[in-house]
Amino acid sequence: MPNALKHPAARGLSCLLATPLVLVLLVHPGLFVDASGQYNHSALMWLMLGLSAAIVHGVGFDPQSRPWRWVFQPLVAWPLMAWGYVLLAQAQGVAL
(Lines give C-alpha, C1' and ligand atoms only; values in the text may rest on other atoms or scores of the structure.)
Protein backbone atom coordinates (compact mmCIF):
# COMPACT_ATOMS: atom_id res chain seq x y z
CA MET A 1 0.00 0.00 0.00
CA PRO A 2 1.38 3.44 -0.86
CA ASN A 3 2.55 5.52 2.10
CA ALA A 4 -0.03 8.21 1.35
CA LEU A 5 -2.78 5.70 2.16
CA LYS A 6 -1.22 5.07 5.57
CA HIS A 7 -1.55 8.74 6.48
CA PRO A 8 -3.92 9.46 9.41
CA ALA A 9 -6.13 11.57 7.13
CA ALA A 10 -6.66 8.62 4.77
CA ARG A 11 -7.45 6.36 7.72
CA GLY A 12 -9.87 8.96 9.06
CA LEU A 13 -11.54 9.19 5.68
CA SER A 14 -12.07 5.43 5.70
CA CYS A 15 -13.77 5.60 9.08
CA LEU A 16 -15.77 8.67 8.09
CA LEU A 17 -17.10 7.03 4.91
CA ALA A 18 -17.85 3.70 6.57
CA THR A 19 -19.68 4.93 9.68
CA PRO A 20 -22.98 6.09 8.07
CA LEU A 21 -23.30 2.94 5.95
CA VAL A 22 -22.53 0.67 8.90
CA LEU A 23 -25.12 2.47 11.02
CA VAL A 24 -27.76 2.22 8.30
CA LEU A 25 -27.10 -1.49 7.84
CA LEU A 26 -27.23 -2.15 11.58
CA VAL A 27 -30.05 0.15 12.64
CA HIS A 28 -32.38 0.24 9.61
CA PRO A 29 -31.35 -2.24 6.90
CA GLY A 30 -34.75 -1.84 5.26
CA LEU A 31 -33.44 1.33 3.63
CA PHE A 32 -31.58 -0.93 1.18
CA VAL A 33 -34.80 -2.57 -0.07
CA ASP A 34 -35.50 -1.70 -3.70
CA ALA A 35 -38.85 -0.76 -5.27
CA SER A 36 -39.87 -4.42 -5.61
CA GLY A 37 -39.30 -4.99 -1.89
CA GLN A 38 -36.18 -7.12 -2.35
CA TYR A 39 -32.61 -6.91 -1.18
CA ASN A 40 -29.81 -7.24 -3.68
CA HIS A 41 -27.85 -9.79 -1.67
CA SER A 42 -24.84 -9.94 -3.97
CA ALA A 43 -24.50 -6.15 -3.92
CA LEU A 44 -24.80 -6.11 -0.13
CA MET A 45 -22.10 -8.77 0.10
CA TRP A 46 -19.69 -6.54 -1.85
CA LEU A 47 -20.74 -3.55 0.24
CA MET A 48 -19.98 -5.47 3.44
CA LEU A 49 -16.53 -6.33 2.07
CA GLY A 50 -15.90 -2.63 1.39
CA LEU A 51 -17.10 -1.67 4.85
CA SER A 52 -14.93 -4.32 6.46
CA ALA A 53 -11.91 -3.14 4.49
CA ALA A 54 -12.60 0.47 5.47
CA ILE A 55 -12.89 -0.37 9.15
CA VAL A 56 -9.70 -2.47 9.08
CA HIS A 57 -7.85 0.34 7.30
CA GLY A 58 -9.43 3.08 9.41
CA VAL A 59 -8.42 1.63 12.76
CA GLY A 60 -4.85 1.26 11.53
CA PHE A 61 -4.53 -2.50 11.26
CA ASP A 62 -2.04 -3.63 8.61
CA PRO A 63 -2.39 -7.32 7.73
CA GLN A 64 0.90 -9.21 7.27
CA SER A 65 -0.33 -11.65 4.62
CA ARG A 66 -0.23 -10.30 1.06
CA PRO A 67 -3.73 -11.49 0.04
CA TRP A 68 -5.32 -9.93 3.12
CA ARG A 69 -3.25 -6.79 2.68
CA TRP A 70 -4.65 -6.49 -0.85
CA VAL A 71 -8.26 -7.07 0.26
CA PHE A 72 -8.22 -4.75 3.26
CA GLN A 73 -6.92 -1.59 1.63
CA PRO A 74 -8.68 1.67 0.80
CA LEU A 75 -8.27 1.18 -2.95
CA VAL A 76 -10.75 -1.68 -2.57
CA ALA A 77 -12.86 -0.15 0.20
CA TRP A 78 -13.54 3.32 -1.14
CA PRO A 79 -15.01 2.33 -4.54
CA LEU A 80 -17.17 -0.35 -2.91
CA MET A 81 -18.47 2.12 -0.36
CA ALA A 82 -19.16 4.70 -3.06
CA TRP A 83 -21.17 2.03 -4.84
CA GLY A 84 -22.96 1.38 -1.53
CA TYR A 85 -23.98 5.03 -1.31
CA VAL A 86 -25.28 4.81 -4.89
CA LEU A 87 -27.27 1.67 -4.01
CA LEU A 88 -28.73 3.41 -0.98
CA ALA A 89 -29.72 6.45 -3.05
CA GLN A 90 -31.31 4.25 -5.72
CA ALA A 91 -33.24 2.27 -3.11
CA GLN A 92 -34.58 5.57 -1.76
CA GLY A 93 -35.62 6.70 -5.24
CA VAL A 94 -33.05 9.47 -5.56
CA ALA A 95 -32.21 10.13 -9.21
CA LEU A 96 -28.48 10.23 -9.81
- request: Evaluate side chain to side chain contact (heavy atoms under 4.5 Å, CB included) for R11 paired with K6, printing each intermediate quantity in order.
  value: CA-CA 7 Å; R11 293 190 187 276; K6 292 183 180 182; 3.8 Å; yes
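- The side chain to side chain contact (heavy atoms under 4.5 Å, CB included) search around A43 returns N40, W83, L87, not counting sequence neighbours.
- Smallest separation of non-hydrogen atoms from A54 and A77: N-CB, 3.6 Å.
- By the rule that hydrophobic residues join a cluster once side-chain heavy atoms approach within less than 4.5 Å of another member, L23 and L47 end up as members of separate clusters.
- V27 and L51 fall into different hydrophobic clusters, where Ile, Leu, Val, Met, Phe, Trp and Tyr side chains are chained together by heavy-atom contacts under 4.5 Å.
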query: Does the side chain to side chain contact (heavy atoms under 4.5 Å, CB included) test come out yes or no for M81 and L21, once each step is laid out?
result: CA-CA 8 Å; M81 285 190 301; L21 285 173; 4.2 Å; yes
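- A heavy-atom distance below 4.5 Å is not found between the side chains of Q73 and V56.
- Heavy-atom minimum distance, S14 versus W78: OG-NE1, 3.0 Å.
- Follow the hydrophobic side-chain contacts under 4.5 Å out from W46 and you reach W70 in the same cluster.
- Without hydrogens or angle criteria, Q92 side chain to L31 main chain gives a donor-acceptor distance under 3.5 Å.
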- prompt: So I55 and F61, side chain to side chain contact (heavy atoms under 4.5 Å, CB included) or not? Walk me through it.
  reply: CA-CA 9 Å; I55 297 294; F61 181 73; over 6 Å; no
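- Residues forming a side chain to side chain contact (heavy atoms under 4.5 Å, CB included) with A89 (at least two apart in sequence, or on another chain): V94, L96.
- Listed by first and then second residue, the side chain to side chain donor-acceptor pair (under 3.5 Å) pairs that reach into residues 26-39 are D34-S36, sequence neighbours excluded.
- For Y85 (side chain) and L80 (main-chain N/O), no donor-acceptor pair under 3.5 Å exists by modelled atom type.
- What you find for R69 and P63 is that their closest heavy atoms are NE-O, 3.3 Å.
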- request: Please test Q90 against V86 for side chain to side chain contact (heavy atoms under 4.5 Å, CB included), starting from the C-alpha separation and ending with a verdict.
  value: CA-CA 6 Å; Q90 288 174 345; V86 170; 3.8 Å; yes
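- Hydrophobic clustering (ILVMFWY, side-chain heavy atoms < 4.5 Å, transitive): L49 and V59 are in one cluster.
- The hydrophobic cluster containing L26 also contains L17, counting ILVMFWY residues as joined when their side-chain heavy atoms lie under 4.5 angstrom apart, directly or transitively.
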